[in-house]
Visitor: 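Please find one structure pasted underneath; my questions will follow.
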Amino acid sequence: MGYTLLAARYNRAVKFRVLGSFGGDSPACRMTSFLIDGTVAVDAGAITRALPIVDQGRIRHVLITHSHIDHTATLPFLIENTFGFDHEAMSIYSTRRILAVVRRHVFNNDTWPDFSRIPNRVYPRLRFVAVEAEHPFVIPGLPGGELEVTAIPVNHIVPTVGLLLRQGGASVLFTSDTGPTERVWAVANATDDLRAVITECSFPNRLQSIADASLHLSPQTLAGELAKLRRPTRILIYHFKPPHIDELRAELAATELPWPIEELEQGREYEF
Ligand SMILES: [Zn+2]
Ligand SMILES: [Zn+2]
């Protein structure tokens with residue numbers, strides 16, 4: 001009995017639900033957003049499209065990897081839909097630079113109201129929490145125990161961080177959108193409890209120049225990135241651009257990669 005309880009506490013998997021797994025929008029493809037333990041969202045491309053409002057109301061924390069709209073589009077509607085669910089502000093976490101862009105371009109009272117001042121500055125509906133890259137911080141109060149989060153800068157066309165997410169002795173590394181990069185792979189190699197890496201592939205090889213210009217990966221540059229990984233772990237690929245899904249699947253199947261990969265399945269809840 002005691003052992004079972006201990007095992008449940010310390011060997012728990014991270015419950016990771018894929019609300020949207022794509023780098024663009026179509027009826028079948030929702031934009032990037034994940035949900036950990038029902039209460040912490042990672043990016044906000046399609047939260048309000050994937051979850052009933054009552055489940056949106058359980059979200060207390062949103063981690064934002066960068067300002068691009070396929071990662072932030074439904075943040076305004078999430079805030080509006082959950083207004084009045086409780087008296088606690090929803091916390092939006094990212095680096096100071098990334099939050100500044102979100103505030104300037106989304107919650108600017110032109111595109112959408114500044115909910116960090118509504119209903120008032122003392123008890124606002126949302127608060128922006130600036131975090132330092134490479135400094136782990138803890139989000140308490142998840143059903144499965146506290147979540148430790150570390151933001152790691154990656155190499156995208158706007159300031160962007162990947163996230164190392166650790167809960168109950170298991171870690172998941174989400175690179176977010178990135179072209180070829182180094183630091184996030186060094187962190188993966190140094191993480192002993194790493195259970196999964198989620199990284200991107202956006203464009204087929206024939207559009208390599210677009211992938212390079214926008215700092216995304218194609219199957220051939222993904223192969224080079226995965227060669228930087230030195231430990232075996234589960235590798236899941238996300239962020240296909242919707243017009244190229246079939247081509248990307250075929251190319252990835254035909255590409256010789258250093259490690260086996262899976263496509264991150266939209267709608268699925270993983271236990272890593
Ligand atoms: Zn994206
Ligand atoms: Zn992006």
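Counting convention: from 1, in listed order, for ligands and their atoms alike. Only this structure's heavy atoms are used, side chains among them; waters, hydrogens and symmetry mates stay out.
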Visitor: Please determine whether side chain to side chain contact (heavy atoms under 4.5 Å, CB included) holds for the pair Ile64 and Asp43, giving the CA-CA distance in whole Å, both sets of side-chain angles, and the decisive distance to 0.1 Å.
Guide: CA-CA 5 Å; Ile64 294 291; Asp43 281 339; 4.2 Å; yes
Visitor: Pair Thr178, Thr175 - check side-chain hydrogen bond (donor to acceptor under 3.5 Å, both in side chains), show working.
Guide: CA-CA 7 Å; Thr178 186; Thr175 70; over 6 Å; no
Visitor: For Ser91 and Arg127, does a side-chain donor sit closer than 3.5 Å to a side-chain acceptor?
Guide: yes
Visitor: Just give me the atom name: the N, O or S atom of Asp70 closest to the Zn ion (ligand 1).
Guide: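 In Asp70, the heteroatom (N, O or S) nearest the Zn ion (ligand 1) is OD2.
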Visitor: What N, O or S atom of Asp177 is found closest to the Zn ion (ligand 2)?
Guide: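 Nearest to the Zn ion (ligand 2) within Asp177's N, O and S set: OD2.
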Visitor: To 10 degrees, how wide is the angle ND1 (His68) to the Zn ion (ligand 2) to NE2 (His156)?
Guide: 90°
Visitor: Do any of the N/O/S atoms of His66, backbone or side chain, fall under 2.8 Å from the Zn ion (ligand 1)?
Guide: no
Visitor: With side chain to side chain contact (heavy atoms under 4.5 Å, CB included) as the test, would you mind laying out the steps for Met90 and His61 before giving the verdict?
Guide: CA-CA 6 Å; Met90 188 177 296; His61 312 271; over 6 Å; no
